[in-house]
There are 2 protein chains.
Amino acid sequence: MTRAPETRAPATRALRADAARNRSLLLAAAAAEFAERGMDASVADIARRAGIGKGTVFRHYPTKDDLLAAIVLDRVEELAGLARQLFLAEDAGAALFSFLEAAAGKQQQLDFSFLRDAGDINERLRESRERLFAAIVALVERAQAAGAVRADVTGLDVILMMCVPSHVVSFVPGAAPDLWRRYLALVIDGLRPEGAHSLGPVPPIGV
Amino acid sequence: MTRAPETRAPATRALRADAARNRSLLLAAAAAEFAERGMDASVADIARRAGIGKGTVFRHYPTKDDLLAAIVLDRVEELAGLARQLFLAEDAGAALFSFLEAAAGKQQQLDFSFLRDAGDINERLRESRERLFAAIVALVERAQAAGAVRADVTGLDVILMMCVPSHVVSFVPGAAPDLWRRYLALVIDGLRPEGAHSLGPVPPIGV
DNA sequence: GCATAACCGGACCGCCCGGTCAACTTGTTA
DNA sequence: TAACAAGTTGACCGGGCGGTCCGGTTATGC
């Protein structure tokens, strides 16, 4: 095996210009297609929407799952960044509720059920998800300490309930684009300490 | 075309004994398989689980959707009956919450997302669904009149939120069998009038 | 117990999917 | 501008799906 002299092979070689353009076209098309049809979106349709060949898709991402994971990873990192940033806000309760609002809004584009489907595939995605969850847990605990969220709720409870608005709205055919806010408000009211009833004997789940 | 004398053809002829047995085996197997794997369950797997041939499945129900619709129809009628029965209870609030509890519990076996998937297929199912929804709306309005449920919520809001517990729990791998109760409690607290905040400017959806 | 119609079952069909590959095109670099 | 590596492409493959069909089987009425 020979090696070209004076060539320090970069960890990943720089992408050729057309390849980079195709890659971003692909990511946009895939995000749209996954958002519309979920995991049922076919690679052929994604390629057609991006205006590239099917083979090109598999050159950029060896598997349909890898393509999905790349997209989900983006959103997860984005949300994790927001969560860490909001952790520094003065009002702990408003910080958590702002985060839930942003998360619910983002899920209009990409439901979190992908976290389940894609989480088992990609190790990087799993790590990123754990970091996001940890940041959310921190937000929740601070909001509880400030008395803005009922004490008998866990971080994981909040994580699960945060997926509700976008899911619920997906059942309404001609829903207004901000209908999810209505159900987010309902979810948040359920998390508030005022007027909270017992959650019953069912133990929470560990993280 | 000849007609056998003295034979009044019944609307649907009586099922032969073995056919009736196979049909109930099929329904049980299909319900289990749909519950576990959703719409991804394959007819071949259902047939194998029921211990019958694939052709027999299609003899009883001409389409996979028809099979699903038959199962969903059962649960919907069951729930509608319960809703009408609870409408006569003294405590209007407890009646609604009892119904939500029963509905969430049933969905552990069969998620309501099937109502969306199968609803477009079968006319009878659509009618049955409308009757169920009407019964729920009646329950909600009575609970609101009794002051047990916040006034700014509609019947459809409650219908949508009623699907939350089973859906949320489906994300938790080794969930305890009654974990859904925890999230039902959270949902119900969000529906209570005590400590309710504004739902914001987003208008509710019409039924 | 026999004739018959209802029923059963699994081989088979066409279709679509994720993924591969070898021939071809194009950006890059010296 | 020449030469090559990187990138592109669509025909192709194996597999699984919903649904069909017909030869064999079985319950049932007389």
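Just so we're on the same page: letters track the sequence lines, and every chain starts at 1. Computed from a predicted structure; not experimentally measured. Side chains included, hydrogens not; waters and symmetry mates left out as well; all remaining heavy atoms used.
- Applying the salt bridge (Lys or Arg N to Asp or Glu O under 4.0 Å) test to every pair with at least one member in residues 78-88 of chain B, sequence neighbours left out, gives these pairs: B:Glu78-B:Lys106.
- Between the P atom of D:dG10 and the CZ atom of A:Phe58 lies a distance of 15 Å, rounded to the nearest Å.
- Remark: A:Glu101 engages A:Arg181 in a side chain to side chain donor-acceptor pair (under 3.5 Å) (not counting sequence neighbours).
- Under the side chain to side chain donor-acceptor pair (under 3.5 Å) criterion, A:Arg59 pairs with no residue, sequence neighbours left out.
- The distance between atom CZ of B:Arg48 and atom C1' of C:dG9, rounded to the nearest whole Å, is 13 Å.
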Could you list the donor-acceptor pairs under 3.5 angstrom formed by side chains in residues 155-163 of chain A, with sequence neighbours left out?
from, atom 1, to, atom 2, distance (Å)
A:Asp157, OD1, B:Arg182, NE, 3.3
A:Asp157, OD1, B:Tyr183, OH, 2.5
A:Asp157, OD2, A:Thr154, N, 3.0
A:Asp157, OD2, A:Thr154, OG1, 3.2
A:Asp157, OD2, B:Arg182, NE, 3.0
A:Asp157, OD2, B:Arg182, NH2, 2.7

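- Look at CD1 on B:Ile46: it is 11 Å from C1' on D:dG18, rounded to the nearest Å.
- Put simply, A:His60 has no side-chain N or O that comes within less than 4.0 Å of OP1 or OP2 on D:dG7.
- Whole-Å rounding puts the A:Arg59 CZ to C:dA22 P distance at 14 Å.
- By the 4.0 Å N-to-carboxylate-O rule, A:Arg37 lies close enough to A:Glu33 to be salt-bridged with it.
- With sequence neighbours excluded, the residues satisfying side chain to side chain contact (heavy atoms under 4.5 Å, CB included) with A:Arg23 are A:Leu15, A:His60, A:Tyr61.
- With sequence neighbours left out, B:Arg131 forms a salt bridge (Lys or Arg N to Asp or Glu O under 4.0 Å) with B:Glu77.
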Mind listing the N/O atom pairs, protein and nucleotides 28-30 of chain C, below 3.5 Å?
from, atom 1, to, atom 2, distance (Å)
C:dT28, OP1, A:Ala17, N, 3.4

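- For B:Ile52, taking side-chain heavy atoms from C-beta onward, the closest of the listed nucleotides C:dC8, D:dT8, C:dG9 is C:dG9.
- Residues passing the side chain to side chain donor-acceptor pair (under 3.5 Å) test with A:Asp74, sequence neighbours excluded: none.
- One can place CZ of B:Arg21 at 17 Å from P of D:dT25, the figure rounded to the nearest angstrom.
- Of the two residues contacting DNA chain D, namely B:Pro62 and A:Thr56, the nearest-nucleotide position lying further toward the 5' end is that of A:Thr56.
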Open item on the list: Let's go through B:Asp45 and B:Arg48 carefully: what are the C-alpha distance in whole Å and the side-chain angles of both, what is the deciding distance for salt bridge (Lys or Arg N to Asp or Glu O under 4.0 Å) to 0.1 Å, and is it a yes or a no?
Closed with: CA-CA 5 Å; B:Asp45 284 343; B:Arg48 202 173 305 124; 2.8 Å; yes
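- Here D:dC17 presents its C1' atom at 15 Å from CG of B:Leu67, a figure rounded to the nearest Å.
- At whole-Å resolution of the value, CG in B:Asp66 and C1' in D:dT20 are 16 Å apart.
- Summarising the geometry, the separation between CZ on A:Arg23 and C1' on D:dA6 is reported as 14 Å, rounded to the nearest angstrom.
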Could you pull out the protein-nucleic contacts involving nucleotides 11-17 of chain C (nitrogen or oxygen on both sides, under 3.5 Å)?
none

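- Residue B:Asn22 places none of its side-chain N or O atoms closer than 4.0 Å to OP1 or OP2 of C:dC7.
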